[in-house]
Amino acid sequence: MAETTVAELLDAVRGLTARVEQLEAELAEVRALQAQDVPEDVLLAISAAVAAFLGHRAKVKQVHFRTGQAWAQQGRVAVQGHHIIHGAR
């Protein structure tokens, strides 16, 4: 009975070790993506979009990669929050 418990514990430890190694690898990938610089062509496209929007050339001081989906969620909230209900009396 004690041998079965030890074997189960060893299997659990092996499984947890594998999960930790996988999470560490994913974390390393995320950190590598965040450490990348923004490519020159992307900066030029952002600068052109800002200039077109503002009507004059503006200085882009800082650009960051965003890996999360928070910006998309904020955009959806802004669009969906401005619905005008037609025909409401």
Side-chain angles (χ1 to χ4, degrees):
M1 186 170 170
E3 290 178 21
T4 305
T5 305
V6 171
E8 290 174 356
L9 288 174
L10 286 174
D11 287 339
V13 169
R14 286 186 188 112
L16 289 173
T17 301
R19 289 178 61 190
V20 167
E21 289 172 356
Q22 178 186 5
L23 290 172
E24 286 176 343
E26 289 176 12
L27 179 62
E29 288 177 17
V30 169
R31 285 185 177 163
L33 284 175
Q34 290 176 348
Q36 291 179 350
D37 289 335
V38 178
E40 183 89 17
D41 57 339
V42 174
L43 276 177
L44 290 174
I46 291 171
S47 298
V50 169
F53 179 76
L54 295 176
H56 61 84
R57 192 172 162 188
K59 189 180 285 188
V60 177
K61 294 182 179 182
Q62 202 170 39
V63 178
H64 297 284
F65 275 121
R66 300 294 293 191
T67 56
Q69 294 296 321
W71 64 272
Q73 182 180 6
Q74 288 175 351
R76 286 190 298 272
V77 167
V79 169
Q80 294 170 0
H82 288 90
H83 283 289
I84 299 172
I85 301 174
H86 297 286
R89 297 179 189 181

Rounded at 0.5 Å granularity, tell me how far CZ in Arg76 sits from CD in Gln73.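 It comes to 6.0 Å.
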Report yes or no: do [X] and [Y] belong to one cluster of Ile/Leu/Val/Met/Phe/Trp/Tyr joined by side chain heavy-atom distances under 4.5 Å?
X	Y	answer
Phe53	Val42	yes
Val50	Leu44	no
Leu54	Leu43	yes

